[in-house]
Amino acid sequence: MDPYALKTLNAERRARRAAILVTDLGDGRDRIVREGDQVAGDLGAAIAKAFRTGNSGSVEAEGRTFFLNAHLPQPRLVVIGAVHISQALAPMAKIAGYPVEIVDPRTAFATPDRFPDVALHAEWPQDVLSRQPLDGYTALAAVTHDPKIDDFALKAALDANCFYVGALGSRKTHAKRVERLLALGATADQIARIHAPIGLDIGAASPAEIAVAILAQTIDAFRSRGLESKGAAA
């Protein structure tokens, strides 16, 4: 690998940004493509798919053979609220490959007994997120139902362009939330990205079922990044 390409890849890894090393197998030349870079034609479509799936492999495009070596940050899930839904969601997400962090300043809820083997922060979201900023490879689920805890985290997730942002509550509750987020400086386009009510509509009733719906929606949001519609080619 070209030393400059290696240096660039390492820098992207440290910054939790996705990049693909594209190697022309005909002449051995390398180049780095960052997520969001525009690449036309069949090669561009193959690169976009590699960014969504994280899979590396060879592709045929423009009469040439390329090897795409995908380097994606591991997606993570930050849950605001140490509630029953979170207790069910944390082990499910871990199995699916999404490390979980729970944030809740209510020390009666955020206890190691309730959340064994989970990164737990019994602090206000603004304190935690100032040390560990959100990014485009983070999903955020706000489930406390308390504006004093949820709203800051939701605004931070929108500003960081998290790939998934979900919030617990009815449509009536969300309408009031929209007013508060607008007052905090969020734009209408940003707020439209919030999944509320949170989770896929599977008729979930129990905390565990709601957790399944949230995780499924999170995975769908991650794997559909860059697709303009659900009917786009996978």
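Sequence positions, counted from 1, serve as the residue numbers for this chain. When reading the values below, keep in mind they use all heavy atoms of this one structure, side chains included, and skip hydrogens, waters and symmetry mates.
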- prompt: Which atom names give the shortest non-hydrogen contact between L120 and P112, and what distance separates them?
  reply: CD2-N, 3.8 Å
Do any side-chain atoms of residues 202-215 form donor-acceptor pairs under 3.5 angstrom with protein atoms, and if so which ones, sequence neighbours left out?
residue	atom	partner	partner atom	Å
S206	OG	E209	N	3.2
E209	OE1	A205	N	2.8
E209	OE1	S206	N	3.4

- request: Calculate, to the nearest 0.5 Å, the distance between atoms NZ and CD belonging to K176 and E179 respectively.
  value: 8.5 Å
task: Determine, using the 4.5 Å side-chain heavy-atom cutoff (strictly less than), whether L200 and L89 are members of one ILVMFWY cluster.
output: yes
field: Distance (rounded to the nearest 0.5 Å) between L140 CG and I194 CD1
entry: 9.5 Å
message: Does this structure show an ion pair linking R29 with D24, if we count only N-O contacts that are shorter than 4.0 Å?
response: no
- prompt: Does the D37 side chain pair with the main chain of R34, one donor and one acceptor, at a distance under 3.5 Å?
  reply: yes
- prompt: Does E35 reach the main-chain N or O of F51 with its side chain, forming a donor-acceptor pair under 3.5 Å?
  reply: no
query: Which atom pair, heavy atoms only, marks the closest approach of G166 to I198?
result: C-CD1, 3.5 Å
- prompt: Quick one: does T53's side chain have a donor or acceptor within less than 3.5 Å of a partner on N55's backbone?
  reply: yes
query: In Å, rounded to the nearest 0.5 Å, how long is the span from CG of D151 to CG of D146?
result: 8.5 Å
field: Side chain proximity check, N69 to T23, heavy atoms < 4.5 angstrom
entry: no
statement: Tracing side-chain contacts under 4.5 Å among Ile, Leu, Val, Met, Phe, Trp and Tyr outward from I95 reaches none
Close side-chain approach of V59 to L68, heavy-atom, < 4.5 Å: yes
query: What are the two closest heavy atoms between V79 and S86, and how far apart are they?
result: CG1-OG, 3.4 Å
- prompt: Side chain of R223, backbone of R52: donor and acceptor closer than 3.5 Å?
  reply: yes
- prompt: Pick one: which of L21, T8, I20, V22 meets side-chain contact (heavy atoms from CB on, under 4.5 Å) with R31?
  reply: V22
- request: Could you tell me which non-hydrogen atom of A142 sits nearest to which non-hydrogen atom of L154, and how far apart they are?
  value: CB-CD2, 3.9 Å
Any I85 side-chain heavy atom under 4.5 Å of L168 side chain: yes
- request: Please assess E62 against D42 for the test side-chain contact (heavy atoms from CB on, under 4.5 Å), listing each intermediate value before the final yes or no.
  value: CA-CA 7 Å; E62 288 85 48; D42 292 341; 4.0 Å; yes
message: So does A70 get a backbone contact from the side chain of S56, meaning a donor-acceptor N/O pair under 3.5 Å?
response: yes
field: 4.5 Å side-chain heavy-atom contact, E101 and T138
entry: no
field: Within one Ile-Leu-Val-Met-Phe-Trp-Tyr cluster: L134 and I102, side-chain cutoff 4.5 Å
entry: no
message: Within the structure provided, determine whether R76 and V100 are in side-chain contact (heavy-atom separation under 4.5 Å).
response: no
message: Parallel, tilted or perpendicular: which one describes the rings of Y164 and H195, with boundaries at 30° and 60°?
response: parallel
query: Backbone N or O of H145 within a donor-acceptor pair of the D150 side chain at under 3.5 Å?
result: yes
- request: Decide yes or no for Y98 and I219: does some side-chain heavy atom of the first lie under 4.5 Å from some side-chain heavy atom of the second?
  value: yes
message: According to ring pair (Phe, Tyr, Trp, His ring centres under 6.0 Å), who are the partners of F66, at least two apart in sequence or on a separate chain?
response: none
Joint cluster assignment, L129 & L77, ILVMFWY side-chain distance < 4.5 Å: no
message: Using a 6.0 Å cut-off, check whether atom CZ of R131 has over 12 heavy atoms from anything other than its own residue.
response: yes
query: Are the charged groups of R64 and D27 less than 4.0 angstrom apart, N to O?
result: yes
- prompt: In Å, rounded to the nearest 0.5 Å, how long is the span from CG of L72 to CZ of R13?
  reply: 11.5 Å
query: Between D104 and A82, is there a donor-acceptor pair closer than 3.5 Å when you use the side chain of the first and the backbone of the second?
result: yes
task: Please determine, by modelled atom types, if R171 and H174 share a side-chain donor-acceptor pair under 3.5 angstrom.
output: no
field: Sidechain-backbone polar pair: R14 side chain, L9 backbone, donor-acceptor under 3.5 Å
entry: no
message: Using every non-hydrogen atom in the two residues, find where Y137 and P73 come nearest and quote the distance to one decimal.
response: CD2-O, 3.5 Å
message: Nearest 0.5 Å, please: how far is OG1 in T107 from CD in E123?
response: 11.5 Å
- request: Indicate, with yes or no, if V83 and I80 share a hydrophobic cluster defined by side-chain heavy-atom contacts under 4.5 Å among Ile, Leu, Val, Met, Phe, Trp and Tyr.
  value: no
query: Is I191 reachable from F163 through a run of hydrophobic residues whose side-chain heavy atoms are each under 4.5 Å from the next?
result: no
- prompt: Quick one: are P99 and Q74 in side-chain contact, heavy atoms under 4.5 Å?
  reply: yes
Least distance between heavy atoms, K155 atom then G185 atom: CE-C, 3.6 Å
- request: Give, for atom CD1 of I32 and atom NZ of K7, the distance between the pair rounded to the nearest 0.5 Å.
  value: 13.0 Å
message: How about NE2 on H84, more than 12 heavy atoms from neighbouring residues, nucleotides or ligands closer than 6.0 Å, or not?
response: no
- prompt: Do F152 and W124 have side-chain heavy atoms sitting under 4.5 Å apart?
  reply: no
query: Any luck finding a side-chain donor-acceptor pair between N161 and Q190 under 3.5 Å?
result: no
